[in-house]
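Please read the structure below before turning to the comments.
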Amino acid sequence: MEENMELTAERSLEIIAEQLEKSRRAVSKDTGQWLFVSGLTTMITAVVVACANYLTWTPLFHLLWFALPVVIWLVMKRINRNRVPVPESLVGTLVRKTWYTILAFSLVYVVIATVWNIVLQHYESPEVFLHAGMHITPTILTLLAVAVSMTGLILKKRSLVWFGLLSFVILRFGLFSVIISRVLPPTALTKLSLVRPCELIFLFALVGLMLPGLMLIRRK
Amino acid sequence: MNFQPLDPLLHAELRLAVMSLLIADEEAEFPYIKEQTGATAGNLSVQIDKLSSAGYIKVKKTFKGKRPCTLCRITAKGQKAFTAYVEALKSYLDVKV
């Protein structure tokens with residue numbers, strides 16, 4: 001870009017619009033990388049947790065989920081090591097604050113639901129637990145699906161909005177559970193309770209995080 | 001038709017591009033601006049100096065680890081000038097908002 005004093009008004013507006021779009025695109029690509037890495041690491045964690053729980057017959061490995069944010073942060077730090085950082089912008093701030101709000105809600109919900117479920121399991125009958133227990137995974141994934149769609153609206157990427165909606169439908173559909181119950185023998189199904197939310201999380205991470213992330217990264 | 005005068009400091013491709021970028025982003029590093037505008041480092045430095053001398057942007061030289069880092073941020077005066085420039089452009093385009 002050279003210094004040009006013969007600028008027309010149209011060209012001036014073009015330059016302004018071009019730079020604003022470039023800024024939005026830089027945020028989109030950065031968001032895409034976060035979504036892709038989050039999706040991929042979540043999928044890997046889901047497989048590891050499912051296998052470990054299934055083989056050891058204990059739900060203890062669900063604790064690995066707490067390490068997930070740290071792993072994502074470390075991977076992103078390594079990826080961005082030699083890259084020019086994307087500056088803070090209004091669009092970027094909106095995306096970041098949307099995710100912070102959703103993640104804060106999720107964290108608070110996980111803590112409250114876990115304590116509530118433990119108390120119910122110890123002091124109430126299984127029937128009461130069945131009706132009054134708090135469902136952690138579907139609630140968290142619904143919140144995340146909303147965050148994906150909201151990100152799409154902020155970045156003006158309609159496909160991202162649809163990915164959020166699709167992942168929400170999928171997690172309510174329970175397709176994986178149906179397939180697994182058809183394929184595996186009844187004896188193995190009891191063991192599957194230990195794997196339970198992992199298949200749902202895996203599918204959500206694929207449709208709601210990894211694929212839209214890849215799409216944002218690859219978009220020219 | 002009443003044409004408003006255009007700020008000569010902003011009525012140049014690269015300087016206008018830098019200001020547009022800084023209007024969108026609160027604070028940007030020199031390599032990011034260079035990447036987004038596609039300008040050469042030398043030319044960009046000259047234009048940033050001009051904008052800085054006019055008080056439209058604030059340049060801060062710091063270190064990121066061991067590497068030097070130049071940060072550019074638009075000032076209130078710069079924001080006002082940019083808004084006035086866009087308003088003036090409208091008179092040339094006969095845009096009714």
Side-chain angles (χ1 to χ4, degrees), chain A residues 1-34 73-74 76-98 100 151 153-157 216-217 219-220, chain B residues 1 3-44 46-48 50-51 64-65 67 69-74 82-83 85-95:
Chain A
M1 216 173 254
E2 297 302 321
E3 188 166 358
N4 177 12
M5 294 303 286
E6 299 300 312
L7 271 181
T8 60
E10 286 85 359
R11 177 68 191 133
S12 292
L13 277 184
E14 250 177 54
I15 292 170
I16 296 168
E18 212 174 272
Q19 294 308 320
L20 293 178
E21 184 51 35
K22 275 184 181 177
S23 167
R24 186 184 291 274
R25 223 178 295 154
V27 175
S28 290
K29 205 174 173 186
D30 193 52
T31 308
Q33 245 151 10
W34 274 98
W73 181 75
L74 285 173
M76 282 308 293
K77 206 178 167 192
R78 190 165 172 78
I79 288 173
N80 290 331
R81 198 175 32 162
N82 294 321
R83 282 186 46 224
V84 179
V86 177
E88 199 68 32
S89 65
L90 181 65
V91 175
T93 308
L94 279 172
V95 171
R96 191 167 43 83
K97 285 189 175 170
T98 301
Y100 281 172
T151 306
L153 285 174
I154 296 166
L155 295 176
K156 291 186 179 170
K157 306 280 181 205
L216 286 181
I217 294 167
R219 186 161 281 184
K220 288 274 186 306
Chain B
M1 180 142 270
F3 292 116
Q4 288 174 39
L6 292 167
D7 185 343
L9 203 65
L10 293 180
H11 200 59
E13 275 201 48
L14 185 50
R15 287 198 294 270
L16 183 60
V18 171
M19 287 295 281
S20 307
L21 210 61
L22 291 175
I23 277 282
D25 304 322
E26 286 169 19
E27 194 174 57
E29 285 185 23
F30 185 85
Y32 175 81
I33 301 173
K34 186 172 162 282
E35 196 179 281
Q36 296 297 323
T37 56
T40 61
N43 191 11
L44 185 59
V46 172
Q47 306 311 327
I48 281 178
K50 283 184 186 175
L51 290 170
K64 212 173 172 185
R67 274 188 289 182
C69 170
T70 306
L71 285 166
C72 301
R73 178 185 273 269
I74 197 160
F82 188 83
T83 311
Y85 180 79
V86 174
E87 283 302 317
L89 274 183
K90 284 181 191 168
S91 69
Y92 288 83
L93 294 163
D94 194 24
V95 177

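Computed over heavy atoms, backbone and side chain alike; hydrogens, waters and symmetry mates excluded. Below, read A as the first sequence line, B as the second, and so on, with proteins coming before strands; counting in each chain starts at 1. Please read all numbers here as calculations on a predicted model, not as lab measurements.
In terms of heavy-atom pairs under 4.5 Å with chain B, the best-connected choice from A/Ala17, A/Ser23, A/Ala26 is A/Ser23. Ranked by heavy-atom pairs under 4.5 Å with chain A, the list B/Ile23, B/Val18, B/Asp25 is led by B/Asp25.
Heavy-atom distances place the backbone of B/Glu27, and not its side chain, under 4.5 Å from chain A. Residue contact with chain A, scored on non-hydrogen atoms closer than 4.5 Å, involves the side chain of B/Val86 exclusively.
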Stepwise side-chain contact (heavy atoms from CB on, under 4.5 Å) test for A/Ile154 and A/Val27: CA-CA 11 Å; A/Ile154 296 166; A/Val27 175; over 6 Å; no
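Using modelled atom types, no side-chain atom of B/Thr70 and backbone atom of B/Phe30 make a donor-acceptor pair closer than 3.5 Å. With hydrogens and angles disregarded, a donor-acceptor distance shorter than 3.5 Å links the side chain of A/Ser28 to the backbone of A/Arg24. Of the possible donor and acceptor atoms, none in the side chain of B/Tyr85 sits under 3.5 Å from a partner among the backbone N and O of B/Pro8.
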